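Structure first, then comments.
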Amino acid sequence: MSANEERLQKVIAHSGITSRRKAEKLIEQGRVKVNGTTVTTLGFKVTKDDKIEVDHVPITKEKPVYYLIYKPRGVISSVKDDKGRKVVTDLIPHIDERVYPVGRLDYDTSGLILLTNDGELAQLLMHPSHQIDKVYIAKLEGVPTKTALSQLKKGIQSNGERLKAVNVIIQSVDQQKQTSIVEVTLHEGKNRQVRRMFESINLPVQKLKRERYGFLNLNGLQSGDYRELTPHEVKQLRAEALKNK
Ligand code: URA
């Protein structure tokens, strides 16, 4: 492959419209044209002068952008919602690029979420084998026992799925109200994982916030705020995702 050639699926993923894997599917499904001709070969090489269309719409290679958002509760971590509820992209006004959330946070969960149009980095970060630390603070109804904590670290079964915490630490206990605050570190990002893990040991989560994603935290931000990542942070994030590959 010469220096200015790139694989078709990579160029599609970089345009921000989808992930690399889904781009491969689009190619196989015959939905991609290069210079007017349908291409169904994975690994087909293109240069920046080639005109690429997906479903008859030309893709444009956007400048990659990376945002860190402090999502409030009551906002959907998606780019649109059928029920017209507020979505994370509403928190960044005047943005021209088509950005997508990296993973998701529940409607009722607040905290750190990344948005980007860099499909390749997003896929890297979301893959559980890359072991990015995701750190949550949960307020629980009840107080976990030592046995319960080690159960969560060993892994529990929930709806046929194994859910495992990397670490769980009790931060404080309110004996009177019988509630506790715990810090939970996950590498996985399964649907409603923290809530399901604590439900399985009969300690419902009353409040949940993601405080950290890899080395990134919410310092200096208020709920609803956002900021762009620095080029150095993007580099560090990519290195963190690749270190366990
Ligand atoms: N775990 C949950 O239960 N919810 C989230 O939003 C994130 C992790």
Side-chain angles (χ1 to χ4, degrees), residues 1-67 69 71 75-90 92 95-107 113-132 134 159-163 187-193 213 234 237-238 241-242 244-245:
M1 191 156 67
S2 77
N4 58 357
E5 284 183 327
E6 289 209 89
R7 288 177 206 284
L8 182 54
Q9 59 266 39
K10 183 171 173 187
V11 176
I12 296 172
H14 275 189
S15 73
I17 60 170
T18 187
S19 67
R20 179 96 65 106
R21 200 167 308 149
K22 288 194 186 132
E24 289 175 355
K25 286 232 169 74
L26 292 172
I27 296 170
E28 286 173 339
Q29 289 164 354
R31 292 163 63 184
V32 178
K33 280 186 183 164
V34 178
N35 303 323
T37 307
T38 302
V39 172
T40 53
T41 322
L42 291 182
F44 187 88
K45 313 286 187 318
V46 288
T47 70
K48 64 175 176 27
D49 299 323
D50 288 317
K51 189 178 159 227
I52 302 164
E53 291 166 80
V54 173
D55 293 334
H56 310 290
V57 180
I59 64 161
T60 47
K61 189 167 162 49
E62 290 177 340
K63 155 177 93 76
V65 290
Y66 308 86
Y67 291 94
I69 297 195
K71 182 183 104 57
V75 175
I76 310 266
S77 56
S78 167
V79 291
K80 59 174 189 288
D81 180 53
D82 316 341
K83 297 184 193 135
R85 290 171 296 183
K86 197 165 180 173
V87 295
V88 271
T89 42
D90 293 337
I92 315 181
I95 169 175
D96 294 329
E97 292 82 9
R98 286 165 48 130
V99 289
Y100 296 87
V102 178
R104 57 187 300 282
L105 289 179
D106 300 334
Y107 184 70
I113 188 156
L114 297 176
L115 267 83
T116 183
N117 55 355
D118 181 342
E120 196 182 5
L121 182 61
Q123 290 303 308
L124 266 184
L125 291 169
M126 285 190 285
H127 201 283
S129 70
H130 299 151
Q131 308 197 342
I132 300 285
K134 281 155 282 211
N159 297 334
E161 245 184 334
R162 186 153 177 273
L163 308 177
H187 283 164
E188 305 160 334
K190 295 184 180 143
N191 191 29
R192 297 179 70 81
Q193 182 159 347
Y213 189 95
V234 175
L237 206 52
R238 184 167 284 118
L242 286 171
N244 296 305
K245 208 175 173 193

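Remember, it's a predicted structure, so these values are computed and weren't measured experimentally.
Looking only at distances, a side-chain donor or acceptor of Lys190 sits under 3.5 Å from a matching main-chain atom of Arg162. Judged by distance alone, the side chain of Gln9 and the main-chain N or O of Gly43 form a donor-acceptor pair under 3.5 Å. No side-chain donor-acceptor contact under 3.5 Å links Lys134 to the backbone of Tyr213. The closest donor-acceptor contact from the side chain of Ser19 to the backbone of Gln123 lies at 3.5 Å or more, if one exists at all.
Annotation: side chain of Asn4 is not in contact with side chain of Lys48 (no heavy-atom distance under 4.5 Å). Counting heavy atoms from C-beta outward, Ile52 and Val39 have side chains that stay 4.5 Å or more apart. No side-chain heavy atom of Phe44 sits under 4.5 Å from any side-chain heavy atom of Val32. Taking 4.5 Å as the limit, every side-chain heavy atom of Ile69 sits out of range of all side-chain heavy atoms of Val75. A 4.5 Å side-chain heavy-atom check between Ile12 and Ile27 finds at least one atom pair inside the cut-off.
Across all non-hydrogen atoms, the minimal contact from Gly103 to Ile113 is O-CD1, 3.9 Å. The shortest heavy-atom contact between Glu5 and Thr47 is CG-CG2, 3.9 Å. Minimum interatomic distance between Val102 and Met126 (heavy atoms only, all atoms of both residues): CG1-CG, 3.8 Å. Between Ser77 and Val88 the shortest heavy-atom distance is CA-CG2, 3.8 Å.
In this structure, the separation between OG1 on Thr41 and CD on Glu28 is 10.0 Å, given to the nearest 0.5 Å. Between the NZ atom in Lys51 and the OG1 atom in Thr37 there is a gap of 11.0 Å [rounded to 0.5 Å]. With values rounded to the nearest 0.5 angstrom, Leu124 atom CG is found 5.0 Å from Leu242 atom CG. Of the inter-residue distances, the one linking Glu97 atom CD with Thr89 atom OG1 reads 13.0 Å to the nearest 0.5 angstrom. For the atom pair NZ of Lys10 and CD of Glu24, the computed distance is 12.5 Å after rounding to the nearest 0.5 Å. Rounding to the nearest 0.5 angstrom, the gap separating the CD atom in Gln193 from the CD atom in Glu161 is 8.0 Å.
Salt bridge absent: Asp90 and Lys86 never bring a charged side-chain N and a carboxylate O closer than 4.0 Å. Using a 4.0 Å cut-off between charged side-chain N and carboxylate O, Asp106 and Arg104 make a salt bridge.
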Start with the C-alpha gap between Val79 and Leu115, add the side-chain angles, then the distance that decides, and say whether side chain to side chain contact (heavy atoms under 4.5 Å, CB included) holds. CA-CA 10 Å; Val79 291; Leu115 267 83; 5.8 Å; no
Kindly determine whether Leu237 and Leu114 satisfy side chain to side chain contact (heavy atoms under 4.5 Å, CB included), including the steps that lead there. CA-CA 11 Å; Leu237 206 52; Leu114 297 176; 3.7 Å; yes
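Within a 6.0 Å radius of NZ in Lys22, no more than 12 heavy atoms belonging to other residues, nucleotides or ligands are found.
Checking each of Lys83, Arg85, Lys71 against Ile76 for a side chain to side chain contact (heavy atoms under 4.5 Å, CB included) leaves exactly one that passes, namely Arg85. Checked options Asn117, Asp118, Thr116; the residue passing with Tyr66 is Asp118 (criterion: side-chain hydrogen bond (donor to acceptor under 3.5 Å, both in side chains)).
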